[in-house]
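Just below is one structure, and these are the notes that go with it.
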Amino acid sequence: MRILITGASGLLGINLALEAAAHHEVYGTAKDHLIHTDRFRVMPCDLLAPGAVERLLDQTQPDWVIHCAALANVDACEANPVLAQQSNSDLPFLLATHVARGGARLVHISTDAVFDGQRGLYREEDQPNPLSVYARSKLEGELAVAAANPEAIIARVNLFGWSPSGRRSLAEFFFNNLNAGKRVMGFTDVYFCPLLANDLAAIFLMMLQKKLRGLYHVVSRECLSKYEFSLRLAQQFNLDSSLIDPTSVEQGGLTAARSPRLTLRVDKLAEALGEPPPDISTGMHRFFDLYQQGYPRWLKGMAGAVTPTDHG
Ligand SMILES: NC(=O)c1ccc[n+]([C@@H]2O[C@H](COP(=O)([O-])OP(=O)(O)OC[C@H]3O[C@@H](n4cnc5c(N)ncnc54)[C@H](OP(=O)(O)O)[C@@H]3O)[C@@H](O)[C@H]2O)c1
């Protein structure tokens, strides 16, 4: 199969492109952060430029498209709502429309943050209530994709993993600071169910192979607070957990509103795939194994970000 992955320079996109490239022919787009690799074909492009989506699909002729590109930084969306709307709503609509016309299959990536997090344990049919510019733009993107391309898979995710910048995921934040002996806050009242990006990649490929369609929650089967997550990471990497201050999100000084209980049910996915997604410990073990294999440094090398003093 030929797979086009948008946002292949980002946290999810690069891990997905590398996993998929082991079995498929992969094209991956990058905009500001070029990736240097022979594992997949890198397509430099700004997807918001006029005609870019049409040109890209024409050049690559994919069987499958996995749309990871987004303005995914919550505070950047708050600062630039117009760009958030263009990147997270208008672009997915355009892509979904053209993919539907060309006959390829689409996976569109959305977020757990479409919910307000007051209740938790959300199912796919529960009513979203986004709190931030980012979350609103992502929900609009979901609705636009579903309208333009009813065959598309829309996957609400949350993830952690190693990124080309070494700074993109929450797990890297905790690892970088604890490894440097710095104190960090761990929110005790914000819950989530993150999957390792590499495991998420394998699940997407299974979803495509099984020809699923429609909305799915694609997160870990286990949920925990961000504080508990930081403790698990410290334990896995044998780092000093006394550097983590248990803190309420109210004291965190964050710009955009965060949903406190973003716990999602994965029954629909488990039934469709015949098995539930991995728990946090499984993902954390693999995150550690990847570290031991030098994977973070390999990724940084692809981004041209390795320096002689970089031991990441
Ligand atoms: N990270 C999380 O914890 C999380 C949680 C829930 C949902 N999600 C969703 O998962 C998806 C991937 O997130 P991520 O964390 O991997 O994001 P990321 O690391 O910030 O990567 C975003 C990617 O989008 C690309 N991009 C942005 N605007 C573009 C444009 N106009 N044209 C072409 N490419 C563009 C970026 O390219 P350059 O960097 O090269 O400019 C980058 O490759 C997003 O849909 C996000 O909403 C993420």
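Counting starts at 1 for both ligands and their atoms, in listed order.
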Side-chain heavy-atom pair Leu269, Ile203 within 4.5 angstrom cut-off: yes
Side chains of Leu290 and Leu196 in contact at under 4.5 Å (non-hydrogen atoms):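 A side-chain contact exists here, since the closest heavy-atom pair is under 4.5 Å.
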Nearest-contact summary for [atom] - protein heavy atom, Å:
| atom | answer |
| --- | --- |
| atom 26 (N) of ligand 1 | Ala69 CB, 3.9 Å |
| atom 21 (O) of ligand 1 | Gly10 CA, 3.3 Å |
| atom 3 (O) of ligand 1 | Leu159 O, 3.4 Å |
| atom 30 (C) of ligand 1 | Lys31 CD, 3.4 Å |
| atom 16 (O) of ligand 1 | Leu12 N, 2.8 Å |
| atom 15 (O) of ligand 1 | Arg168 NH2, 3.1 Å |
| atom 42 (C) of ligand 1 | Ser9 OG, 3.7 Å |
| atom 45 (O) of ligand 1 | Lys138 NZ, 2.6 Å |

Interfacing atoms of ligand 1 (cut-off 4.0 Å, heavy-atom, [X]):
| X | answer |
| --- | --- |
| Leu48 | 31 (N) |
| Cys68 | 11 (C), 12 (C), 44 (C), 45 (O) |
| Asp32 | 38 (P), 40 (O), 41 (O) |
| Ile109 | 9 (C), 10 (O), 11 (C), 45 (O) |

Check whether any N or O atom of [X], backbone or side chain, sits under 3.5 Å from an N or O atom of ligand 1, and answer yes or no.
| X | answer |
| --- | --- |
| Val157 | no |
| Thr29 | no |
| Ala72 | no |
| Thr111 | no |
| Leu71 | no |
| Ala30 | no |
| Gly13 | no |
| Ser110 | no |
| His67 | no |
| Ser87 | no |

Stepwise side chain to side chain contact (heavy atoms under 4.5 Å, CB included) test for Phe288 and Met284: CA-CA 6 Å; Phe288 180 65; Met284 194 58 85; over 6 Å; no
Residue part near ligand 1, for Cys45, under 4.0 Å between non-hydrogen atoms: backbone
Ligand 1 versus His33: contacting region, heavy-atom distance under 4.0 Å: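 Near ligand 1, His33 shows its backbone as well as its side chain.
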Within 45° cone and under 6.0 Å: Arg261 NZ/CZ vs Tyr191 ring: yes
Verify same cluster id: Trp162, Phe229 (apolar side-chain graph, 4.5 Å):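 Trp162 clusters together with Phe229.
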Linked, directly or transitively: Leu16 and Val65 (ILVMFWY side chains, under 4.5 Å): no
Option among Arg119, Arg265, His217 that satisfies the side-chain hydrogen bond (donor to acceptor under 3.5 Å, both in side chains) test with Asp126: Arg119
Glu142 and Ser110: CA distance, side-chain angles, deciding distance, side chain to side chain donor-acceptor pair (under 3.5 Å) verdict: CA-CA 7 Å; Glu142 282 186 8; Ser110 189; 2.7 Å; yes
Parallel, tilted or perpendicular, as decided by the 30° and 60° cut-offs, for the rings of Phe237 and Phe175: tilted
Close approach, Phe160 and ligand 1, non-hydrogen under 4.0 angstrom: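 Phe160: no contact with ligand 1 (<4.0 Å).
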Flag for Ser248-Asp189: side-chain donor and acceptor within less than 3.5 Å: yes
Ser137 and Glu140 side chains, donor-acceptor separation under 3.5 Å: no
CA sep, side-chain torsions, deciding dist, call: Val133, Arg136, side chain to side chain contact (heavy atoms under 4.5 Å, CB included): CA-CA 5 Å; Val133 170; Arg136 274 193 294 279; 3.9 Å; yes
Donor-acceptor contact below 3.5 Å, side chain Ser87 vs main chain Ala84: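 Looks like no, no N/O pair under 3.5 Å.
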Name of the residue among Lys182, Lys226, Arg183 meeting salt bridge (Lys or Arg N to Asp or Glu O under 4.0 Å) with Asp245: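 Answer after filtering Lys182, Lys226, Arg183: Arg183.
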Evaluation steps, side chain to side chain contact (heavy atoms under 4.5 Å, CB included), between Ile3 and Asp63: CA-CA 6 Å; Ile3 309 183; Asp63 302 301; over 6 Å; no
